[in-house]
J.: 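Submitted below is the structure of interest, expressed as structure tokens.
Each chain gets a letter, A, B and so on, in the order the sequences are listed, and its residues count up from 1. Keep in mind that what you see is a predicted model, and the values were worked out from it rather than measured.
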Amino acid sequence: MGLPEYNPEEVEKKWQERWEREKTFSSSVDNRKKYYILEMFPYTSGSIHIGHVRNYTIGDVVAHFKRMKGYNVLHPIGFDAFGLPAENAAIEKGVHPKKWTYANIDNLRRQLKRLGFSYDWEREVITCDRNYYRWNQWFFIKFYEKGLVYQKKAPANWCPACSTVLANEQVIEGKCYRCETPIIQKNLNQWFLKITEYADELLEEIEKMDWPSTVKKMQVNWIGKSKGMQIDFEIAESGEKISVYTTRPDTIFGATYLVLSPFHPLSEKLAEKDPLLKSEIELMRKEQLIKGEVEKRGVFAGIWAVNPVNREKIPVWIANYVLMEYGTGAIMAVPAHDTRDFEFALKYNLPIRVVVLPPGEKNPDVVLKEAYTGEGIMVNSGQFNGMPSEKAREKMSQWMVYQKIGIPKVHYKLRDWCISRQRYWGTPIPVIYCERCGVVTVPEKDLPVELPFDVEITGKGGSPLAKVESFVECTCPECGGRARRETDTMDTFVDSSWYFLRYTGKGKDDLPFDREEASYWMPVDQYIGGIEHAILHLLYSRFFTKALRDIGLLDIGEPFTRLLTQGMVIKDGAKMSKSKGNVVDPEMIIKEYGADTLRGFILFAAPPEVDLEWKQEGLEGVNRFLKRVWRLILENGAKWKEKLEEIYKEREDDKDNENELKVMVNKTIEKVTQDIEQRFRFNTALASLMEFVNYLYAYPDKRSSVFKESLQVLILLLYPFTPHIAQELADRMGCKKELFSCEWPTFKRSLLRSDKITLVVQVNGRLRDRLTIFSNQKKEDIEKEVLKRDKVKRYTQGKKIKKIIHVPGKLINIVVE
RNA sequence: GCCGGAGUGGCGGAAUUGGCAGACGCAGUGGACUUAAAAUCCACUGGGCUAUUUGCCCGUGCCGGUUCGAGUCCGGCCUCCGGCACCA
């Protein structure tokens, strides 16, 4: 036949080299409308895996599409390069973390280029570069000045295996998010970012975001806002105050005892006087430090409190189920209406008094089998008896405020973000401890505090930096006296909280990012990444953006307008992982089938947000499709046209064929456009392209100019998905331009439907017949014709027609009795 | 326990606003080409009853409802997946 065969490796390398040489996808500020598309940058351990390929392919489709739609597209990439794995490699293999990391980056970069992603490589960001992490330090100092950073001694989540502190968000089911070692608590002096200051704003604005509702919900739950009352109880003997926090002030008449956390200051005080109590409290403290549910235990504190609403004397207990970190560290126990209090009261035989009567219940002294936590009618509650509990909640709150017993209070589950890590491979915290001046931040001119290269990493005995004397010992920038440097480094989530801002400028080093460029490009229009970052990274980035706005560096408060969370790639029913041995290496696939086939398959196999089951056979299907496209184009050697016009022409004397082909082309354009633009459904977009190709193969008149233009449309529509083959075929057709600069084909509305339509005919909702009609036929004529059909008569004969439902162009349903 | 999400052929999935269930692809079956294989092309492919086609019945996790019409909406369950979890 003499047609060149499809050789993906040759084609792909040719264009990849050209894209690199000519910096094809480089972008800069201009007067077009901008579009910032971003995928979560890769962590620099090892090599690219299929999950990355999925993430980046989705982004690349959108980037190409938007370019063709005329947007000025920013599509950058970089590397998240600090973190524990680099140190683990050092411990296991004896490689320096820096060498290991940069070697990995070289490999990742090569692999990404081999996949042909349209990145602007001039904007590459590497978070372990001194020119990047110096800005982490600079932000730290700015935040410190603004009061958004503080240090405190606090019990910290400590991972014994990693010998470091972890943030709350990094503790998953009581275990380390990285190594799954059970977490213990340790009291340490640590640095915190005041994310709680933004709790309300983070909560309010999440509602408005075009994000998946699951992610929004997860963040809302994580912030965990609750509205209630802080109520003061008095200790009977001394008149001292104990404040409790409750969301159910309406149940206060049912409070039959009070409970203190074992960490409560009063528990501490009582323990001092009573050695027996002290040992009990210490035991409970230990129990509480174990994450997860522990059997409820408690002890009578030996004192009594007075319920402010009815002056009743109630016992004070200390129990392991009350947390010091939330509310006031003390609660009023209402066993009748709280499941935990109920369980505890049963165990220690404490009184249970019903104050909210469940609907249908008449007896105010009913004996409950379990706590009733719903709403109902108030009983045993003095002047509030007979009121619905929702209303009582409001009235009693007002009354308590008036009586000066309590005040309304809002609490959050969100905690401040602890950023101290006792590790080497991270950003040094720019703080100096001076014997005379105390805590001093490093002056801006001395930044960056550079991470020393010569260090011994053993994984044991605390921070490796603490052992580097040349690093630790320094002079105080204020008094010039002897001082010591902070040896903790920052959580790597700090690095990823602003990298998207760094991309907006090209390597300017007098500022973290150029304000003008940032205000042009930001916010990110579309962000794409794994659902596993729903809380951590996405919440931190939102906080950072707001904090940067408040120190005057940004005009916006939300970094990511639209978010897509892609599903995992699964093989043999499990997430791909080395330990399970079910990993598929993208490079092997590329070698065998080419990058276009890999990209095509991963888009075709499932919608982006759904988990994708890896099936080698499916890959071959997409490869077959690309080969079919290759042959279709080359066999019919059409010439590339500057402007498409034949496919939009409407002519009365069109042959059926021709009209149908035009409809097919226009419908395919519409479908692919909508699937990319509105729905992110690349699987159905590709399916419609496959249908289109099947149709073109079967088309009888392959010499017509409409057919030839159709081939060009096919190439243009295919380009975002499988750019190399599309570009090559366009080139062979004589296209002088790169496809990204070609216009995305439009469709003509009047050509979305052919003259002849197949109408579905139902009788009583059941399909009985099909009828071909002309789109301009009158409604009444169609109905008459339908009723004459044999297949219809069979079901309507001798029956009364009640009504006819006619959905024009779609179906007719004849309803008979 | 609480909060999300999802259940459709042998498989991945499609059906966008309530209107032909199963697009597209995989696997499978039959055929063409071939000395043969690969590649490619063509046809069939949810289940059952019919058996010449026509045709009829059943079918989207289960039970019920709304509607001319339900995979889609409503009520009640079941199962699986994800998140949070002594948060007062």
J.: So, is N683(A) close to the A14(B) phosphate, meaning a side-chain N or O under 4.0 Å from OP1 or OP2?
T.: yes
J.: Which value, in whole Å, describes the distance between the P atoms of nucleotides C77(B) and G82(B)?
T.: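 Between the two P atoms, the distance is 24 Å.
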J.: Which way is the base of G59(B) turned, syn or anti, if we draw the line at 90° from 0?
T.: anti
J.: Expressed in angstrom and rounded to an integer, what is the separation of I570(A) atom CD1 from G82(B) atom P?
T.: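 To the nearest whole Å, that distance equals 9 Å.
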J.: Closest to the L323(A) side chain: G4(B), A88(B), G19(B)?
T.: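 Out of G4(B), A88(B), G19(B), the nucleotide with an atom closest to L323(A)'s side chain is A88(B).
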J.: Can you name the one residue among T668(A), T673(A), D675(A) that meets side-chain hydrogen bond (donor to acceptor under 3.5 Å, both in side chains) with K671(A)?
T.: D675(A)
J.: Hunt down any stem RNA chain B takes part in, defined as 3 or more consecutive Watson-Crick or G-U pairs whose two distances are each under 3.5 Å.
T.: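 As far as RNA chain B goes, consecutive pairing (with distances under 3.5 Å) yields the stems B:1-7 with B:78-84, B:10-12 with B:24-26, B:28-32 with B:40-44, B:46-49 with B:55-58, B:61-65 with B:73-77.
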J.: Please report the closest heavy-atom contact between I281(A) and P262(A), naming both atoms and the distance.
T.: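 For I281(A) versus P262(A), the nearest heavy atoms are CG2-O, 3.4 Å.
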J.: I'd like to know whether K347(A) forms a salt bridge (Lys or Arg N to Asp or Glu O under 4.0 Å) with E295(A), so could you lay out the CA-CA distance, the side-chain angles of the two residues, the decisive distance to 0.1 Å, and finally the verdict.
T.: CA-CA 11 Å; K347(A) 180 165 176 180; E295(A) 206 204 318; 2.8 Å; yes
J.: What nucleotide among C68(B), A23(B), A15(B) has an atom nearest to a side-chain atom of A687(A)?
T.: A23(B)
J.: Decide if atom NZ of K667(A) counts as having more than 12 heavy atoms of other residues, nucleotides or ligands within a radius under 6.0 Å.
T.: no
J.: Output yes when a side-chain donor or acceptor of N683(A) lies under 3.5 Å from a complementary backbone atom of L603(A), and no otherwise.
T.: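 Side chain of N683(A) to backbone of L603(A), a donor-acceptor pair under 3.5 Å: no, none is there.
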J.: Does OP1 or OP2 of A15(B) have a side-chain N or O of R681(A) closer than 4.0 Å?
T.: yes
J.: Which value, in whole Å, describes the distance between the P atoms of nucleotides G71(B) and U16(B)?
T.: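 One P to the other, the span is 12 Å.
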J.: Say you draw a straight line from CE of M568(A) to CE of M576(A); how long is it, rounded to the nearest 0.5 Å?
T.: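 If we round to the nearest 0.5 Å, M568(A):CE and M576(A):CE are 11.0 Å apart.
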J.: Assess whether side-chain hydrogen bond (donor to acceptor under 3.5 Å, both in side chains) is satisfied between D596(A) and T722(A), documenting all intermediate values.
T.: CA-CA 5 Å; D596(A) 279 336; T722(A) 55; 4.8 Å; no
J.: Rounding to an integer number of Å, can you tell me how far L612(A) CG sits from A14(B) P?
T.: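 Distance check: L612(A) CG to A14(B) P gives 11 Å.
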J.: What do you reckon, is CD of E370(A) surrounded by more than 12 foreign heavy atoms closer than 6.0 Å?
T.: no
J.: Of the options A88(B), C11(B), A14(B), whose atoms approach the side-chain atoms of K615(A) most closely?
T.: C11(B)
J.: Using a 4.0 Å heavy-atom cut-off, does G621(A) contact any base of the nucleic acid, only the sugar-phosphate backbone, or nothing at all?
T.: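 Sugar-phosphate, no base atom in range.
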J.: Can you tell me how far P of A85(B) sits from NZ of K413(A), to the nearest Å?
T.: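 So the two atoms are 8 Å apart, to the nearest Å.
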J.: On the six-membered ring of Y321(A), is K296(A) placed so that its NZ or CZ lies under 6.0 angstrom from the centre and within 45° of the ring axis?
T.: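 Positive - K296(A) is close enough to the ring of Y321(A) and near enough to its axis.
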J.: Over how many whole Å does the gap from K667(A) atom NZ to A23(B) atom C1' extend?
T.: 12 Å
J.: Under 4.0 Å between any heavy atoms, over every strand shown, what does V610(A) touch: base, sugar-phosphate, or nothing? Just pick one.
T.: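 Counting heavy atoms under 4.0 Å across all strands, the contact made by V610(A) is with sugar-phosphate only.
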J.: Which atom names give the shortest non-hydrogen contact between T247(A) and R393(A), and what distance separates them?
T.: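 Shortest heavy-atom contact: O-CD, 3.6 Å.
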J.: Round to a whole Å and report the spacing from CE of M218(A) to P of C81(B).
T.: 17 Å
J.: Can you figure out which of A14(B), C3(B), C68(B) approaches the side chain of V815(A) most closely?
T.: C68(B)
J.: Roughly how many Å is it from OH in Y412(A) to C1' in A88(B), rounded to a whole number?
T.: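 About 17 Å, once rounded to whole Å.
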J.: Mind checking the P distance from U72(B) to G61(B)? Whole angstroms is fine.
T.: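 Approximately 8 Å lies between the P atom of U72(B) and that of G61(B).
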J.: Which part of the nucleic acid, if any, lies within contact of E613(A), taking any heavy atom under 4.0 Å across all strands shown: a base, the sugar-phosphate backbone alone, or nothing?
T.: nothing
J.: Verify side-chain hydrogen bond (donor to acceptor under 3.5 Å, both in side chains) between Y245(A) and S226(A), making sure each step is shown before the conclusion.
T.: CA-CA 11 Å; Y245(A) 174 71; S226(A) 90; 2.9 Å; yes
J.: From the list G25(B), C84(B), G83(B), which nucleotide is the closest neighbour of the side chain of F604(A)?
T.: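 For the F604(A) side chain, the nearest candidate turns out to be G25(B).
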J.: Would you indicate which nucleotide in C86(B), C26(B), C24(B) comes nearest to any side-chain atom of K296(A)?
T.: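 Selected nucleotide: C86(B).
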J.: Taking the P atom of each, how far is G83(B) from G18(B), in whole Å?
T.: 32 Å
J.: Return the value, rounded to whole Å, for the distance between atom OH of Y372(A) and atom C1' of A88(B).
T.: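 Interatomic distance, OH of Y372(A) to C1' of A88(B): 18 Å.
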J.: Base, sugar-phosphate or nothing for S226(A)? Non-hydrogen atoms, less than 4.0 Å.
T.: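 Sugar-phosphate: the residue S226(A), judged by heavy atoms under 4.0 Å, touches backbone atoms but no base.
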J.: Within less than 4.0 Å of OP1 or OP2 of A88(B), is there a side-chain N or O belonging to Y245(A)?
T.: no
J.: When rounded to the nearest Å, what value does the distance between P atoms of U79(B) and C63(B) take?
T.: 16 Å
J.: Considering only the C1' atoms, how many Å lie between G47(B) and G59(B), rounded to the nearest integer?
T.: 7 Å
J.: When you compare U17(B) with U67(B), how far apart are their C1' atoms, in angstrom units rounded to a whole number?
T.: 16 Å
J.: Could you tell me whether a side-chain N or O of W630(A) sits under 3.5 Å from a main-chain N or O of P4(A), the two making a donor and an acceptor?
T.: yes
J.: Distance check, C1' atoms only: G5(B) and G9(B), in whole angstrom units.
T.: 24 Å
J.: For N221(A), which contact category applies under a 4.0 Å heavy-atom criterion: base, sugar-phosphate, or nothing?
T.: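 Touches sugar-phosphate only.
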J.: Of the candidate nucleotides A27(B), A23(B), A85(B), which contains the atom at the shortest distance from the side chain of E617(A)?
T.: A27(B)
J.: Just to be sure I understand the rule, does D611(A) reach a base, reach only the sugar-phosphate, or reach nothing, if contact means heavy atoms closer than 4.0 Å?
T.: sugar-phosphate
J.: Strictly under 4.0 angstrom, non-hydrogen atoms only: write out the protein contact profile of nucleotides 39-58 of chain B, one letter per nucleotide from the 5' end, B, S or -.
T.: -SS-------------SSSS
J.: Could you please name the option among G25(B), U16(B), G5(B) that lies closest to any side-chain atom of T214(A)?
T.: G5(B)
J.: Among the candidates G19(B), G13(B), C24(B), find the nucleotide nearest to the side-chain atoms of N694(A).
T.: C24(B)
J.: To the nearest Å, how far apart are H533(A) NE2 and G83(B) C1'?
T.: 15 Å
J.: On RNA chain B, compare the nucleotides closest to D338(A) and I531(A); which residue's is nearer the 5' end?
T.: I531(A)
J.: Using the side-chain heavy atoms of L811(A), tell me which of these nucleotides is nearest: A88(B), G19(B), G13(B).
T.: G19(B)
J.: What does K671(A) touch in the nucleic acid at a heavy-atom separation under 4.0 angstrom: a base, only the sugar-phosphate, or nothing?
T.: base
J.: Using the ring centroid of each side chain, check whether Y348(A) and W317(A) are separated by less than 6.0 Å.
T.: yes
